[in-house]
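Before any comments, here is the structure.
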Amino acid sequence: QVQLVESGGGLVQPGGSLRLSCAASGSIASIGGMGWYRRAPGKERELVARISSSDSTNYADSVKGRFTISRDNAKNTMYLQMNSLEPEDTAVYYCNALLRPSNSDYPRNYWGQGTQVTVSS
């Protein structure tokens, strides 16, 4: 019964900040790379940021310098700190993780249900 659950989304004014969290729960043997993706209205899903098991990171050009991805392995939790938010950041944000449940011999990608971020005056 492994799952990923996002939290921290909401409505914020342009220039504001939000911090998203993604918590993995259940019986988990290991977690590899993790990432945040988003889907804006009428657009394809895009990668926002990724973080490896050794804390290497990469970001979409549109969020570099404004967003920071991090993880706390002891808590099986990943974060996305979003600063200087713009209306173009409005989207549903999804958590993704490569993980292996304790009752499985093979890892696979898991997705959260998503959390809405709306940037508007």
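Computed from a prediction, not measured in an experiment: that's the story for all the values here.
Residues Val63 and Val48 approach most closely at CG2-O, 3.7 Å, considering heavy atoms. Closest heavy-atom contact between Tyr59 and Ala49: CD2-CB, 3.6 Å. Between Ala91 and Arg39, the closest heavy-atom pair is CB-O, 3.4 Å. Annotation for Tyr110 and Pro101: closest pair OH-CG, 3.1 Å, computed over non-hydrogen atoms. Taking both residues in full, the closest heavy atoms of Leu4 and Cys22 are given as CB-SG, 4.1 Å, listed atom of the first, atom of the second, then distance. The shortest heavy-atom contact between Leu18 and Val12 is CD1-CG1, 4.0 Å.
Formation of a donor-acceptor pair under 3.5 Å by the Arg100 side chain with backbone atoms of Tyr106 is not found in this model. Formation of a donor-acceptor pair under 3.5 Å by the Gln13 side chain with backbone atoms of Ser121 is not found in this model. Within the 3.5 Å criterion, the main-chain N or O of Lys75 finds a donor-acceptor partner in the side chain of Thr77. Of the possible polar contacts, one joining the Thr90 side chain to the Pro87 backbone as a donor-acceptor pair under 3.5 Å is found.
Taken from CG in Asn109 to CG in Leu99, the straight-line distance is 8.5 Å, to the nearest 0.5 Å. In this structure, OH on Tyr79 lies 5.0 Å from CG on Asp72, to the nearest 0.5 angstrom. In this structure, CZ in Arg50 is found 11.5 Å from OG in Ser56, a value given to the nearest 0.5 Å. Within the model, atoms CD1 of Ile51 and CZ of Arg71 stand 6.0 Å from one another, a figure rounded to the nearest 0.5 Å. Rounding to the nearest 0.5 Å places CD of Gln81 at 12.5 Å from CD1 of Ile69. In this structure, CZ in Phe67 is found 8.0 Å from CG in Leu20, a value given to the nearest 0.5 Å.
At most 12 heavy atoms of other shown residues, nucleotides or ligands fall within 6.0 angstrom of atom CD in Gln113.
Residues passing the salt bridge (charged side-chain N to carboxylate O under 4.0 Å, His left out) test with Lys43, sequence neighbours excluded: none. With sequence neighbours excluded, the residues satisfying side-chain hydrogen bond (donor to acceptor under 3.5 Å, both in side chains) with Ser27 are Ser102.
At a threshold of 4.0 Å, the pair Arg38-Asp89 counts as salt-bridged, since one of the basic side-chain nitrogens sits closer than that to a carboxylate oxygen.
In this model, a donor atom of one side chain and an acceptor atom of the other lie less than 3.5 Å apart for Asn83 and Ser17. Inspection of the Ser52 and Ser54 side chains reveals an N or O donor paired with an N or O acceptor under 3.5 Å.
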TODO: Begin with the C-alpha distance, continue with both residues' side-chain angles, and end with the deciding distance and a verdict on ring pair (Phe, Tyr, Trp, His ring centres under 6.0 Å) for Trp111 and Tyr37.
DONE: CA-CA 10 Å; Trp111 291 91; Tyr37 294 75; 5.1 Å; yes
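Leu80 is not listed as a side-chain neighbour of Arg19, based on a closest heavy-atom distance of 4.5 Å or more. At least one side-chain heavy atom of Met78 sits under 4.5 Å from a side-chain heavy atom of Cys95.
In terms of hydrophobic clustering, with Ile, Leu, Val, Met, Phe, Trp and Tyr side chains grouped at heavy-atom distances under 4.5 Å, Val92 and Leu47 are assigned to a common cluster. The hydrophobic cluster containing Tyr94 does not contain Val117, counting ILVMFWY residues as joined when their side-chain heavy atoms lie under 4.5 angstrom apart, directly or transitively.
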